[in-house]
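Data block below; observations after.
Values reported hereafter were calculated over all heavy atoms of this structure, with side chains retained and with hydrogens, waters and symmetry mates removed.
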Amino acid sequence: MDRPGHATSPSWAPDGQSIVYVFDSPVAPPDVWQTDVATGRSEQLTFSALGGIPTDDLVMPEHVTWPSADGFEVHGLLYSPREVRPGQHGCLVNIHGGPMNQSRSVWNGLTQYLVQRGWVVIQSNYRGTLGYGRAYREALFGSWGKGDLEDNIGAIDFCSARGLIHSDRVVAWGGSAGGYSTLVCVARAPERFAGGVALYGLYDLFTFGLETHRYERYYVETILGPSSENYALWHERSPINYLDRVRVPLLFLHGLDDPMALLAQSDTVVGELRRRGVDCEYVTYPNEGHGFRHVKHLIDHTLRIDRYLNQKVLRAPEPGPLGTLPYPPMPIA
């Protein structure tokens, strides 16, 4: 297969002559494919439904780079609407989790939906991201909460230099460590962001290590060093200590059964922000862990994000061109 995308879960077919695997791309949801080993001929075996959305309405991302303040070449994926209105689009800085993970060219229905709604989405593969060499990955050591912030701001400057976005309509958006980075963005660089969408994030690095499961317990120490020896650094890089700087409206979403980033992290941050008069919408989903799986919750969180962006960032009086959507979002049973 010579098309761009993402192939996973390979296994030999029963005849031993071909390999069966799952393939997806930014313009194609996951489906099962089969490739003949001898000829290289590929065949699609399943055909996922797109709800009537023509594939011509979907967009492929552009692989882009921009310089960091300290000399790195930062990587990212840029999704632009098919009809570009120079300088008028809102910008979503989509920040992956991990933090040592990677935004890849894979299927993401929410990203495609928001791009069709007129947003420019840039997925920042900031320093520390896997896949760009050891030096790039280890550049996050000691720098988490600072170097990645500079890289994410560089993503905004890149979109501005392209003439794509309105500088007053920039929103940070991410889950898990991306939720952490979202709060870092709006607290440490409040002049650059008009809002933030934080999904199941961690905001206090000290309590995170005490609350999370064993697999993640010492993860922060590998990045910032032991807390006992680096107390000042841990304090500086915990965005919960900078809530007095937050001025923009925020949307927080969290699963009630999250074993990794416990609900207490969001509870504490939202409570303190509301006490300070910050506009926060906070939604929790039952029977959800670290990420959302139930269809009704996926629908609800998509509509909530869409409504938040329209009402709190764009300040549109109506939901927008898809006015038939059920606003406010459907209640959770």
Side-chain angles (χ1 to χ4, degrees), residues 1-10 21-35 42-66 74-85 89-126 129-132 151-152 155-156 158-159 162 164-165 170-178 181-182 197 199 291-293 295 298-299 301-303 305-306 309 321-322:
M1 178 179 292
D2 57 1
R3 67 186 67 189
H6 180 237
T8 58
S9 305
Y21 52 94
V22 177
F23 176 83
D24 70 307
S25 81
V27 297
D31 272 303
V32 178
W33 285 70
Q34 181 170 318
T35 296
S42 298
E43 179 185 7
Q44 185 174 352
L45 303 181
T46 66
F47 297 85
S48 298
L50 279 174
I53 301 174
T55 56
D56 289 345
D57 291 342
L58 306 175
V59 297
M60 285 291 293
E62 176 186 356
H63 290 259
V64 297
T65 62
W66 59 91
V74 185
H75 300 261
L77 300 174
L78 175 66
Y79 290 80
S80 300
R82 287 196 174 275
E83 295 184 11
V84 173
R85 304 187 305 276
H89 297 281
C91 177
L92 297 175
V93 183
N94 187 201
I95 309 170
H96 66 69
M100 293 179 179
N101 205 328
Q102 183 190 107
S103 290
R104 300 173 175 88
S105 294
V106 298
W107 172 253
N108 189 306
L110 177 56
T111 297
Q112 293 287 350
Y113 172 77
L114 292 171
V115 172
Q116 290 183 13
R117 297 284 269 161
W119 291 88
V120 166
V121 176
I122 185 158
Q123 295 178 335
S124 173
N125 278 328
Y126 52 86
T129 297
L130 295 175
Y132 300 99
D151 296 347
N152 292 329
I156 303 170
F158 175 86
C159 293
R162 279 283 187 97
L164 292 172
I165 65 171
V170 178
V171 177
W173 162 37
S176 192
S181 294
T182 294
V197 179
L199 291 74
F292 309 138
R293 300 292 183 266
V295 171
L298 293 172
I299 292 173
H301 109 281
T302 297
L303 298 181
I305 291 174
D306 186 37
L309 294 173
L322 299 183

Exercise. Could you please spell out the steps behind the side-chain contact (heavy atoms from CB on, under 4.5 Å) verdict for Val295 and Ile299?
Key: CA-CA 6 Å; Val295 171; Ile299 292 173; 3.8 Å; yes

Please verify the inter-ring angle class for His301 with Phe292; under 30° counts as parallel, over 60° as perpendicular, anything in between as tilted. perpendicular

Residue set satisfying side-chain contact (heavy atoms from CB on, under 4.5 Å) with Ser105, at least two apart, ordered chain then number -> Pro26, Pro61, His63, Leu77

Side chains of Val93 and Val170 in contact at under 4.5 Å (non-hydrogen atoms): yes

In short, His75 meets Trp66 closest at the heavy-atom pair O-CH2, 3.5 Å

Using atom types as modelled and distance alone, determine if a side-chain donor or acceptor of Ser25 lies under 3.5 Å from a backbone N or O of Val27.
yes

With sequence neighbours left out, the residues meeting salt bridge (charged side-chain N to carboxylate O under 4.0 Å, His left out) with Glu43 are none

Does the side-chain contact (heavy atoms from CB on, under 4.5 Å) test come out yes or no for Arg162 and Val120, once each step is laid out? CA-CA 11 Å; Arg162 279 283 187 97; Val120 166; over 6 Å; no

Value for OH (Tyr21) from NE2 (His6), rounded to nearest 0.5 Å, stands at 13.0 Å

Check: Ile165 main-chain N/O paired with His89 side-chain donor or acceptor under 3.5 Å: no

Across all chains, not counting sequence neighbours, the side-chain contact (heavy atoms from CB on, under 4.5 Å) partners of Gln102 are Arg104, Asn125, Thr129, Tyr132

Taken in chain and number order and not counting sequence neighbours, the residues that satisfy side-chain contact (heavy atoms from CB on, under 4.5 Å) with Asn108 are Leu110, Thr111

ask   = Taking Tyr79 for the side chain and Trp119 for the main chain, is one N or O donor matched with an acceptor at less than 3.5 Å?
value = no

One should read off an interatomic distance between Trp173 CH2 and Leu199 CG, to the nearest 0.5 angstrom, of 8.5 Å

To the nearest 0.5 Å, atom CD1 of Ile95 lies from atom CD1 of Ile122 at 11.0 Å

dist Leu164:CG -> Cys91:SG (nearest 0.5 Å) comes out at 8.5 Å

Worksheet item: Do Tyr113 and Ile305 come within less than 4.5 Å of each other through their side chains, counting heavy atoms only?
Response: no

* Asked: Do the side chain of Gln116 and the main chain of Asp57 share a donor and acceptor less than 3.5 angstrom apart?
  -> yes

(Q) Side chains of Phe158 and Leu78, heavy atoms from C-beta outward: is any pair under 4.5 Å? (A) yes

Notebook entry, point to check: If we only count heavy atoms from C-beta on, is the Asp24 to Pro29 side-chain gap below 4.5 Å?
Noted result: no

* To do: Flag the pair Thr35 / Phe23 as yes when at least one side-chain heavy-atom distance between them is below 4.5 Å, and no otherwise.
  => no

Residues passing the side chain to side chain donor-acceptor pair (under 3.5 Å) test with Ser48, sequence neighbours excluded, are Asp31

Could you please spell out the steps behind the side-chain contact (heavy atoms from CB on, under 4.5 Å) verdict for Tyr126 and His96?
CA-CA 9 Å; Tyr126 52 86; His96 66 69; 3.4 Å; yes

Query raised in the report: Does any N or O in the side chain of Ser9 come within less than 3.5 Å of the main-chain N or O of Val22, such that one atom is a donor and the other an acceptor?
Result: no

Hits for side-chain contact (heavy atoms from CB on, under 4.5 Å) against Arg82, two or more places apart or cross-chain, chain-then-number order -> Val59

